[in-house]
Amino acid sequence: MSADAPSASSGQQRTWRKPPAIANPYVRYALFAAVAGYFVWAILSLEISWQRIMQGIPRAVTIFGRAFPPDFSRRSLMVDGFVESIQIAILATFIGVILSVLLGILAARNVVPRLVYLVGRGIIAVARSFHPVIVAIVFVKAVGFGPLAGILTLVVYSIGFVGKLMAEAIEEIDAGQVEAIRASGGGFFKVLLYAVFPQVLPRQVGLSIYQLDSNLRASAVVGIVGAGGIGGTLMNSFRRFDYDFALAILLVMIAIILLSEALSGRIRQGLT
Amino acid sequence: MTEPSYRWQRFSFSQRLLRFAAYLGTVAVLYWTVRYLDIYWPWVWDAPQQIGDLFARMSPPKLTGLGAILKALVETIHIATLATVLALFLSLPTAYIAARNTTPSPVLLWLGRFIVVSTRSVNTIIWALLFVAIFGPGVVAGILAIAFRSVGFIGKLMGEAIEEIDKRQVEAIQATGAGRLKVVLYGIVPQVLPAFFAVAILRWDINIRESTVLGLVGAGGIGLILQGSIDLFDWQSVATILIAILGVVILGELVSAALRRRVL
């Protein structure tokens, strides 16, 4: 540690400096300049109007003033909305999980031919890329307003998430068991049933419960574009400036989400 | 050695009972759902045909208006990036007071946790509704909506990262007589920096996806022209926009994967 010897002998005051994260100064300053340039470009191109922001502040005060105290009086409307959201979430999870198992198999490199794998992965990637609200708006146009559009949306949403993790879980299984079943003369379905499923099912149950929780969250918002559930009620109360009712809905929504998150976390902990 | 007289079974009796009860419960819940859900069944049987019909009307995707779409895509990325940066600024103090080992007081701890929970539980699109009501339609509402939603997410993960730090390094800095700011800067920040970059990149990726829907409630981005084309029943343009959204989301994923490899 002689290099760190105190500088008292040389008499010169040395101060320690934090080493920079990027050693090369040219790269460092070029990066800083690029980041700063990007922000200037982004902010200028977005045409942000400060005047409107200033006008918004008194409006925010009015809205929040009107929202308090939250109005819980229209209980039946609220209960109907939440029950529908929960039903949408349950049904969508059930259908979605079954389809995800199917797609998970199709998208697992180690059990299907390469072409099928690519198609399966493609479907999952597309399902994952679109935000549920965008999927919902397309389904609302295709099958009409109501919970059916919501269910279809969340099925797609579930496939995107569970399908992907399912495929990854299948790709990580122990190949020895697959070989053992094959060696005993088992065909494709026997291999799936006795070698693949037993290895991934515990994971699948946990995923399903997680997805039920996610779907419950998402089902609250697909209603905003008309796909059933509490989202529609919330949207209407917003449109009619019933901010006190909207706040009541939001508070119940947060409570339900927290409850479902805690519950699903507890169950998943119990499983493993 | 005598042959055991019973048959091998994978589960014990009580396990089988439990599994049976779980199946029964699932079936009961499904029955309740299907029975009481307000669904018009003819529409269900009709659905595959309707969806197929819609896709038929979407093809081939129309390439006119591609310039406007590209401009909206750039706007979408800007919204996501600016909102992520704003959220990072807002969420670091939140994480600091929401972490058990750095919070200055129990009151602030609960305030921090309240901010984390409430901002995280309200969906982006609901935040967007609120901010559109306040600031009027436009990108400002969109940026704020995404930023507010991200605060809870980043605050939670960063708070957890702060709670997991090695406290000996903090003590070492304290022992040199450093003040609170120096302790944070030299004792805590270096330990949570990798987590910070990981969370920031992850959230940026998510925010690109989220900012594609803002336009549906008038808060800017590609969703605005998507809604416009849907209202005009211009399905071929809708197809182009959907493909464009797919492209930007995949681009975001590739960029964030590259950043993650580079930075972490």
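A note on names: the letters A, B, ... follow the listed sequences, proteins ahead of strands, and every chain is numbered from 1.
In this structure a side-chain-to-backbone donor-acceptor pair under 3.5 Å is missing from A:Ser237 to A:Phe245. Between the side chain of A:Arg240 and the backbone N or O of A:Met235, no donor-acceptor pair lies under 3.5 Å.
For the set A:Val61, A:Val126, A:Val143, the count of heavy-atom pairs under 4.5 angstrom toward chain B peaks at A:Val143. Comparing B:Val29, B:Ile126, B:Leu54 by heavy-atom pairs within less than 4.5 Å of chain A, the highest count is held by B:Ile126. Here B:Thr33 is the residue among B:Thr33, B:Ile143, B:Thr26 with the most heavy-atom pairs under 4.5 Å with chain A. Contact count against chain A (heavy-atom pairs under 4.5 Å) is highest for B:Leu242 among B:Val117, B:Leu242, B:Asp46.
The contact between B:Val217 and chain A is made entirely by side chain atoms (from C-beta outward), counting heavy-atom distances below 4.5 Å. Only the side chain of B:Ile250 has a heavy atom closer than 4.5 Å to any heavy atom of chain A. No part of B:Gln49 comes within reach of chain A, as not one of its non-hydrogen atoms sits under 4.5 angstrom from that chain. Of the two parts of B:Trp32, the backbone and the side chain both hold a non-hydrogen atom closer than 4.5 Å to a non-hydrogen atom of chain A. In this structure, the portion of A:Phe145 lying under 4.5 Å from any heavy atom of chain B is its backbone and not its side chain. Of the atoms belonging to A:Leu251, not a single heavy atom falls under 4.5 Å from chain B. Looking at A:Ile257, only its side chain comes within 4.5 Å of chain B, counting heavy atoms on both sides. Residue B:Leu216 touches chain A through its side chain alone, counting heavy-atom pairs closer than 4.5 Å. Neither the backbone nor the side chain of B:Val248 comes within contact range of chain A; no heavy atom of the residue lies under 4.5 Å from a heavy atom of that chain. B:Arg57 does not touch chain A: none of its heavy atoms, backbone or side chain, sits under 4.5 Å away. Heavy-atom distances place no part of B:Phe55 under 4.5 Å from chain A, backbone and side chain included.
Aromatic pair A:Phe68/A:Tyr243: centroids not less than 6.0 angstrom apart. A:Tyr157 and A:Phe130 have their aromatic ring centers separated by at least 6.0 angstrom.
Geometrically, B:Arg113 engages B:Trp110 in a cation-pi contact defined by less than 6.0 Å to the ring centre and at most 45° from the axis.
Between B:Lys71 and B:Glu75, no side-chain nitrogen of the basic residue sits less than 4.0 Å from a carboxylate oxygen of the acidic one, so the salt-bridge criterion is not met.
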* **Step-by-step side chain to side chain donor-acceptor pair (under 3.5 Å) determination, A:Gln211 to A:Thr93** => CA-CA 7 Å; A:Gln211 189 59 36; A:Thr93 309; over 6 Å; no
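Considering only heavy atoms from C-beta on, B:Phe153 comes within 4.5 Å of B:Ile206 through its side chain.
Side-chain atoms of B:Trp204 and B:Ser256 include no donor-acceptor pair closer than 3.5 Å.
Relative orientation of the B:Phe131 and B:Phe135 rings is parallel, given thresholds of 30° and 60° on the angle between their planes.
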